[in-house]
Amino acid sequence: MKEYISSHLRQVQERIQCACNRSGRDTHEVTLIAVSKTKPLEALQLAYDCGVRDFGENKVQEILQKAPQMPKDTRFHMIGHLQRNKVRQVLPFVTMIHSVDSLRLAEEIQQEAKRISKIVDILLEVNVAGEESKFGFSPEELINIIQQICNFSHIHVCGLMTIAPFVENPEQNRDVFKKLFQLYVDIKHKNIDNISMSVLSMGMTGDYEVAVEEGSTMIRVGTGIFGAR
Ligand SMILES: *Cc1c(COP(=O)(O)O)cnc(C)c1O
């Protein structure tokens with residue numbers, strides 16, 4: 001498993017480098033999040049030994065199990081749909097919540113964050129392609145939501161996240177990534193208090209190279225590093 005993870009990780013890093021070169025970006029602008037959901041602790045430890053510090057999980061229970069067993073400088077990103085009644089448990093263990101998909105969830109995070117005197121970094125999930133099956137705000141409602149969340153004292157909105165449709169050819173998602181990047185830039189230019197727009201979380205195993213070319217700053221890669229789930 002060690003060989004598998006280290007060689008796949010190296011391959012992903014090389015591809016990120018090439019995508020950066022093609023699009024005139026600096027590799028340091030792109031953070032690779034190793035999506036370790038369903039994988040055993042050992043897999044995370046091996047990736048850690050290869051230098052990975054950012055891990056993505058989509059279940060609160062898994063974060064609660066894994067986080068206390070990893071070295072202190074490991075960062076866990078919550079990337080899956082988060083239920084409001086799990087916010088209290090997970091908050092102490094996550095560095096960023098990528099999947100804030102409702103105002104009610106943001107309110108719950110605000111309340112809990114205030115209770116434990118923590119400022120929580122979040123991303124707003126956007127359903128760019130308007131898929132029925134997906135969570136996230138529509139591009140149209142986003143600005144209105146931001147104008148409300150910017151008043152939340154213990155939430156810091158760092159940027160946007162999307163899960164692009166499952167497609168055969170990653171080129172089919174280029175327009176989705178372009179659209180999210182445009183939203184990100186438009187919101188950034190509004191200079192709203194408490195809203196940074198410095199993180200753009202888009203791109204997974206099937207399409208991260210295209211996402212990097214279109215301005216992604218965090219890619220979430222599971223299968224490409226750890227193998228099929
Ligand atoms: C599982 C998951 C990923 C990683 O998917 P892969 O195709 O295995 O790279 C990325 N983002 C989210 C939100 C996920 O749930």
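Whatever order the structure lists them in is the order used to number ligands and atoms, beginning at 1.
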H81/S99 under side chain to side chain donor-acceptor pair (under 3.5 Å): CA gap, chis, key distance, verdict: CA-CA 6 Å; H81 178 63; S99 42; over 6 Å; no
Among all the protein's non-hydrogen atoms, which is closest to [atom], and how far away is it?
atom	answer
atom 12 (C) of ligand 1	I79 CD1, 3.5 Å
atom 15 (O) of ligand 1	K37 NZ, 2.7 Å
atom 6 (P) of ligand 1	T205 OG1, 3.4 Å
atom 8 (O) of ligand 1	T223 OG1, 2.5 Å
atom 5 (O) of ligand 1	M204 CE, 3.5 Å

Distance-only side-chain donor-acceptor flag, T95 / H77, under 3.5 Å: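 No donor-acceptor contact under 3.5 Å links the two side chains.
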Check: N21/Q17 side-chain N/O donor and acceptor closer than 3.5 Å: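 Result is yes, a qualifying pair exists.
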Electrostatic pair R88-E112, nearest N-O below 4.0 angstrom: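 Salt bridge present between R88 and E112.
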Under 4.0 Å to a heavy atom of I163 - the qualifying atoms of ligand 1, by number: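 By the 4.0 Å cutoff, the relevant atoms are 13 (C).
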Sub-4.0 Å atoms of ligand 1 with respect to non-hydrogen atoms of V221: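 Answer for ligand 1: 9 (O).
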Residue pair F226 / A43: nearest heavy atoms and the distance that separates them: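 Shortest heavy-atom separation between F226 and A43 comes out as CE2-O, 3.6 Å.
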Parallel, tilted or perpendicular: rings of F181 and Y184 (30°, 60°):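 Ring orientation, 0 to 90° scale: tilted.
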Proximity to ligand 1 by part of H98, non-hydrogen separation under 4.0 Å: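 Near ligand 1, H98 shows nothing, with every heavy atom at 4.0 Å or more.
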F137 side chain near E125 side chain, heavy-atom distance below 4.5 Å: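 A side-chain contact under 4.5 Å is absent here.
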Polar proximity ligand 1 side, G222 side, N/O cut 3.5 Å exclusive: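 By distance alone, the answer is yes.
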Sub-3.5 Å N/O-N/O distance, R220 and ligand 1: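 The answer is yes, given that R220 and ligand 1 share an N or O pair closer than 3.5 Å.
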